[in-house]
Each structure stands twice: as structure tokens, then as C-alpha cells.
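Predicted model only: the values in this text are computed from it and were never measured.
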Number of protein chains: 2
Amino acid sequence: MTSETRPMQADDGGLVGFHKHDHKSCVETGLKNAEARCSAEGLRLTPVRRKVLEMLLQEHRALGAYAILDRLREEGFGSQPPVAYRALDFLVENGFVHKIERLNAFVACAHPGASHSPAFMICRKCEAVAETHSATAKGVLGAAAKAAGFEIERTVVEAEGICPDCTEKAQ
Amino acid sequence: MTSETRPMQADDGGLVGFHKHDHKSCVETGLKNAEARCSAEGLRLTPVRRKVLEMLLQEHRALGAYAILDRLREEGFGSQPPVAYRALDFLVENGFVHKIERLNAFVACAHPGASHSPAFMICRKCEAVAETHSATAKGVLGAAAKAAGFEIERTVVEAEGICPDCTEKAQ
DNA sequence: GGCATATATGATATGGAATAACATGACAAG
DNA sequence: CTTGTCATGTTATTCCATATCATATATGCC
């Protein structure tokens, strides 16, 4: 479930999620980062938004909107769908959170600040989600798009499969 | 949804890649192809399944499950969600149809028979969907995955933006 | 052909995702 | 204090998806 127990692996340039790492600092710096960027850009990281981001930073997996909603209710926030969706909209719009289309669920961004077209690897067993950049993939697809006269605004790149942990355990 | 109200036009009539083409033969060959493969592989292209495939071949855009369901009802088939979903499951499983995760909707495969990890371009204005192969994108992502020890089973590659038609019309 | 088995379909019910529409609260600027 | 703006709360609805069970139909075997 959690990433705490995963074996250490070689650095691969920014992939987060299947690696052992200092998870507490991961949450802290994530929140700090968001606060910094919000105050810099005049965005308002309100209590609900902050709470949702915190929840997502605590997991390196995707959470569905209704899972988020349940926790919001427990924490005394509003308990109706729009409460969660509005917070998520804000976080996604400003790059703090990504939506995993394959799962209709959300993960905290692992490369805060970096301008990115992210790509994801989703483990279908443990539901862990790792993020990596896909500038290259966008470039390749971009060529096809250019040839067709299609103007890309956003890309969704998600790979589904088995993470290293679950591969090991299966043996 | 919106795809019901958008009239089929002779001149934009099927955008397989946003190109003009003989759309009637497009449907015919699509069906013929499916029949051939099914009889070759011992699959059963039953009336519902065939009808759903035909519907999707007639549009080069994604149809939601409930839009499909509406038309099935009109044609005298069962009118409950599982009827549509079961047919779609069969068609997707056997590569005749793809699901567009971004839209929670379905398109007929434009490269029948080819073993592919498809990639899609989705116009957010007219909802047209073009399919292209993404072997390259998979290769690039595959490198990152291999480095991480992640075993890719399936990829979702979808670009959202504006198709050539809508770009022109906007001017 | 006639029967047993597997598969496909039909219908009911339910749950989860997402948004529309409307009302309220907090707060800053004039 | 009023107005405008933004965030939040609430209700209701739409759309996507699946579990379940009953019935029908095709297929393979005798």
C-alpha cells in the first residue's frame, strides 16, 4: 500500500512513487511549495484546498473524489460533491494535482513547479501511481499532430501495468 | 449528448485522422473486417455487437455508452446499460473499438487488425477523434518504465486540442 | 434429432463520478 | 454601508459503470 516499504532503486531522474523516500518531508515540502507559489501568484490556498492537497500528498496513489469527500466530511468540511470537485479543480488547474483519467481519480503532482506534460505509470495491483515527464512523448505525438494540422493543448499519457514491488511479490 | 444533435455532413463526414474519405466504404469494410476476424478466431459477432460496431463506425467521434444505448433501444434491442456495456466490452477486448478515457466514451478502431497501442487526438470543439499508432510513444515511455522496473501492459495516449477543421472555422 | 452445457441477452437495482442550479458566508474596495 | 467578488454549502440531477438474477439461444455431444 504505502511506499515506505519499497526497496531502494537507482535514480532515474524524477520518477516518484515506486521509490523509498522520506515521505514526511515529501508532504511538508509539497505543502510549503504550494503555499509559496500561491502567495507568489496571488492564488488562495484555502483550508479545503490545502486539506485536499495534504490528503493527496500523503498517498502516492490516486484517490477518487468520493474518497476525498469522505475524509473532508470527517474533518468537518462540507460533505457534498462540489466541495471536493471545486477544490480539485483549483489544484488541477494550478498544477498541484493531476487527474488520472484511467482511474477517474487524482494524485498530487510529484514535480511541483516544473512546467510539464506529465506521464504516469499505474500499478493495477497495488494502485500505486508514479509520475514522470513526457516531453518526449509529446514531441513524438506532436509530429503526428502537426502533420494532421491538429493543435495539441493537453496530453494524457498513462501506462498501466505492474510495479516493481508487485512483480517481486508475485514470484 | 451532443453527438446526437450534430448532423452528419457530407464533406466533413468522417474524420479518420481529420481527412475526407469514402465513409460508406469505411463502415462496410469495417464490418466486413470484423466478420472475417470473428469467424476466423471463433468469436461471435452477434446482432447487438454488430449493431454497436456499426454505430461507432458511422461516426468518427466518441459515443458515450448511453448514447449507444439510446440507439440500441430505437433499433429494438435491450435498453438497459449492461446490454451496451457487454457489447462494448466484447468489441474493446477484441480490438474493434477503443475506449477514450478522457471522455468515458468509445470509438471504432481505425486500424483494424493492426496490433497497436493506439494514440488519439480529440478535438474539444467538435469532439472528432482521430486515431494514430503510438508505438514510438510507448517506446519512450517504455524506457522510463524499464528503468523503474515497471512492466507496461497497456498505454493510454490521448491528446486534446483543436482539429484542423475547427481551427479554420475559428478564423 | 434431442439433450446438456455454455454463452449471450434482458431487466432490475445500485453505486460512483461529475455537474447544474441556487443560496449563503467572508471579505475587500469604493 | 453597499457592492462586487470569490469561496463554500446544499439540493438535485445526469451520466458512467457494474453486480445480480432470470431467460433465451447457440453449440457440442450422444
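- The listed nucleotides are D:dT8, D:dT27, D:dC16; the one nearest the side chain of A:Val48 is D:dT8.
- By the rule that hydrophobic residues join a cluster once side-chain heavy atoms approach within less than 4.5 Å of another member, B:Leu57 and B:Ile68 end up as members of one cluster.
- Hydrophobic clustering of Ile, Leu, Val, Met, Phe, Trp and Tyr side chains at less than 4.5 Å, counting indirect connections, keeps B:Leu141 apart from B:Val156.
- At whole-Å resolution of the value, NZ in B:Lys99 and P in D:dC15 are 16 Å apart.
- Both B:Arg44 and B:Asn104 lie near DNA chain D, and the one whose nearest nucleotide falls closer to the 5' end is B:Asn104.
- Rounded to an integer number of Å, the gap from B:Arg86 CZ to D:dT18 C1' is 10 Å.
- Connectivity analysis of hydrophobic side chains (ILVMFWY, heavy atoms under 4.5 Å, direct or indirect) links A:Ile162 to nothing; its cluster partners are none.
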Contacts under 3.5 angstrom, residues 81-99 of chain B side chains, donor-acceptor by atom type, not counting sequence neighbours:
residue	atom	partner	partner atom	Å
B:His98	NE2	B:His116	NE2	3.0
B:His98	NE2	B:Glu131	OE2	3.2

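- Salt bridge status for A:Glu101 with A:Arg154: present, with a side-chain N to carboxylate O gap under 4.0 Å.
- Counting to the nearest Å, the P atom of D:dC16 and the CG atom of A:Leu103 are 18 Å from each other.
- Atom-to-atom, CG of B:Leu88 to P of D:dT18 comes out at 11 Å; the value is rounded to the nearest Å.
- The footprint of chain A on DNA chain C, defined by a heavy-atom cutoff below 4.0 Å, extends from C:dA17 to C:dA20.
- One hydrophobic cluster, built from ILVMFWY side chains closer than 4.5 Å, cannot hold both A:Val107 and A:Leu45; they sit in different ones.
- Taking only side-chain nitrogens and oxygens, A:Lys51 never comes nearer than 4.0 Å to OP1 or OP2 of D:dT8.
- Between A:Arg71 and A:Glu59 there is a salt bridge, with a side-chain nitrogen of the basic residue lying less than 4.0 Å from a carboxylate oxygen of the acidic one.
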Open item on the list: Run the side-chain contact (heavy atoms from CB on, under 4.5 Å) test on A:Asp70 and A:Arg73 for me, step by step, so that the C-alpha distance in whole Å, both residues' side-chain angles and the decisive distance to 0.1 Å come before the verdict.
Closed with: CA-CA 5 Å; A:Asp70 286 344; A:Arg73 175 174 25 239; 2.8 Å; yes
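- Remark: B:Glu151 pairs with no residue by the side chain to side chain donor-acceptor pair (under 3.5 Å) rule, at least two apart or across chains.
- End-to-end axis angle of the helix from C:dG1-D:dC30 to C:dG30-D:dC1, using five pairs per end and rounding to 10°, comes to 20°.
- Within 4.0 Å of A:Arg49, counting heavy atoms only, lie sugar-phosphate atoms of the nucleic acid but no base atom.
- Atom pair A:Glu93:CD and D:dA7:P shows a separation of 10 Å (rounding to whole Å applied).
- Under the 3.5 Å distance criterion, the side-chain polar atoms of A:Arg124 are left unmatched by any main-chain donor or acceptor of A:Glu160.
- Between B:His133 and B:His111, the ring planes lie parallel to each other; the angle is under 30°, not in the 30° to 60° tilted range.
- Contacts between residues 66-82 of chain A and DNA chain D, defined by a heavy-atom separation under 4.0 Å, are made by A:Gly78, A:Gln80, A:Pro82.
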